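Take a look at the structure below.
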Protein chains: 2
Amino acid sequence: MDADDVFKALSDPTRRKLLDLLYEKNGQTLGELCANLDMARQSATQHLGILEAANLVSTVKRGREKLHFINPVPIHEVYERWVRKFEIQRLSLLHDLKKELEGE
Amino acid sequence: MDADDVFKALSDPTRRKLLDLLYEKNGQTLGELCANLDMARQSATQHLGILEAANLVSTVKRGREKLHFINPVPIHEVYERWVRKFEIQRLSLLHDLKKELEGE
DNA sequence: TTAATATGCAGTCATTTACCTGCATGTCAA
DNA sequence: TTGACATGCAGGTAAATGACTGCATATTAA
C-alpha cells in the first residue's frame with residue numbers, strides 16, 4: 001500500500017462522497033455517480049481515477065458502461081498502520097499533558 | 001470534527017512523520033522535531049500549524065520553547081466515520097464483484 | 001545588559017490540484 | 001447503418017500547496 005496515495009485520495013470531499021455513494025450502492029456506472037455530484041463528468045472521471053490509482057475503487061467494463069466497486073482493503077491498511085497505534089495511547093495522553101503542565 | 005482538515009493534514013508524508021515522531025516521544029519542541037526532518041524550520045512550522053488546525057496536535061508554550069502533543073481523538077473519529085463502516089462489508093465485496101462478472 | 005537561542009511572521013515561487021471546454025472513440029438500439 | 005448514449009482523452013486555468021529567504025520578536029544565560 002502507498003499511504004500517500006490513499007490519504008491524498010481521501011483528502012478530497014468529492015472523492016469521499018463517491019465512496020459513500022458506492023457504499024450505498026456498489027457497482028454504479030460513471031453516469032449514475034455523476035448524477036449525484038454537481039460537476040462536469042470529466043471532473044468526476046478524474047476523481048475516480050485517483051480513487052482507482054489508490055486502489056480504493058476497482059472497475060469493470062460492461063459494454064459501453066464502466067462499473068465502479070469499492071475496495072475497502074486500503075482503508076483497512078490505513079487503519080492498521082495509522083489508527084490502531086494511536087488508539088492504544090489515546091487514554092494516556094491527558095496524563096502526559098497534565099504532567100507536562102505541572103513542570104514535568 | 002472537520003474530516004477535510006484531518007484528511008488533508010494526514011495526506012502529507014512530512015506531517016505523518018511528525019505524528020510518528022510525536023508518537024515515539026510526546027511533547028517535543030519545534031527544534032527537536034526539525035532535527036529529524038530535512039527542511040527549513042519555517043516549513044516544519046507550517047506543517048505543524050496544519051496539524052494543529054486539524055486538532056491532531058496541541059501545543060503548550062514553555063518559556064521560549066513550544067511543546068507539541070499528539071491528540072489522537074480526530075484519528076479516532078475518522079476511524080468511526082470512515083473505516084468501521086467499510087470494515088463491515090469488507091468480506092461481502094468479492095461476492096458482489098463475482099456476481100457482477102457472472103452477468104448480475 | 002548583551003549575545004545566543006527558540007520561535008513567529010511576511011513575502012516569493014514552482015508545482016500540484018481541481019475544475020473546466022472541446023473533441024474523439026466505442027457501444028447499443030432502431 | 002445511423003443516431004443516441006456512455007465514456008475517454010487532450011489541453012487550459014485559477015487557486016491551493018509546500019518549499020524557500022529574510023527579518024522580527026521573545027526568552028534565557030553569561
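Remember, it's a predicted structure, so these values are computed and weren't measured experimentally. Note on naming: letters A, B, ... go to the chains in the order of the sequence lines (proteins, then strands), and numbering restarts at 1 for each one. What you see below is based on every heavy atom in this structure, not just the backbone, and it leaves out hydrogens, waters and symmetry mates.
The interatomic distance linking A:M39 (CE) with C:dC20 (C1') rounds to 11 Å, in whole Å. Atom CG of B:D5 and atom C1' of D:dT17 are 14 Å apart (whole Å). With rounding to whole Å, B:D12 atom CG is found 14 Å from C:dT17 atom C1'. Protein atom CD of B:E32 is 14 Å distant from nucleotide atom C1' of C:dT7, rounded to whole Å. Rounded to a whole Å, the CG atom of B:L48 is 16 Å from the P atom of C:dA6. Across the protein-nucleic acid pair, A:K17 atom NZ and C:dA18 atom P stand 16 Å apart, rounded to whole Å. Rounded to whole angstrom, the span from the CG atom of A:L37 across to the P atom of C:dC20 amounts to 10 Å. We find that CG of A:D4 is positioned 15 Å from P of D:dT17, with the value rounded to whole Å.
Side-chain N/O atoms of A:K66 include one lying less than 4.0 angstrom from OP1 or OP2 on D:dG8.
A donor-acceptor contact shorter than 3.5 Å is absent between the side chain of B:S43 and the backbone of B:M39. Without hydrogens or angle criteria, A:N36 side chain to A:E32 main chain gives a donor-acceptor distance under 3.5 Å. Listed for the A:R16 side chain is a donor-acceptor partner under 3.5 Å among the backbone atoms of A:L10.
Between B:K66 and B:V60 there is no side-chain heavy-atom pair separated by less than 4.5 Å. No side-chain heavy atom of A:L18 sits less than 4.5 Å from a side-chain heavy atom of A:D20.
For the pair B:H68 and A:K8, nearest-nucleotide mapping onto DNA chain C gives the more 5' position to B:H68.
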(request) Do nucleotides 21-28 of chain C as a string where each nucleotide becomes B, S or -: B if the base has a protein heavy atom under 4.0 Å, S if just the sugar-phosphate does, - if no protein is that close. (result) BB---BBS
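Taking the six-membered ring for Trp and thresholds of 30 and 60 degrees, B:W82 and B:F7 have ring planes more than 60 degrees apart, a perpendicular arrangement.
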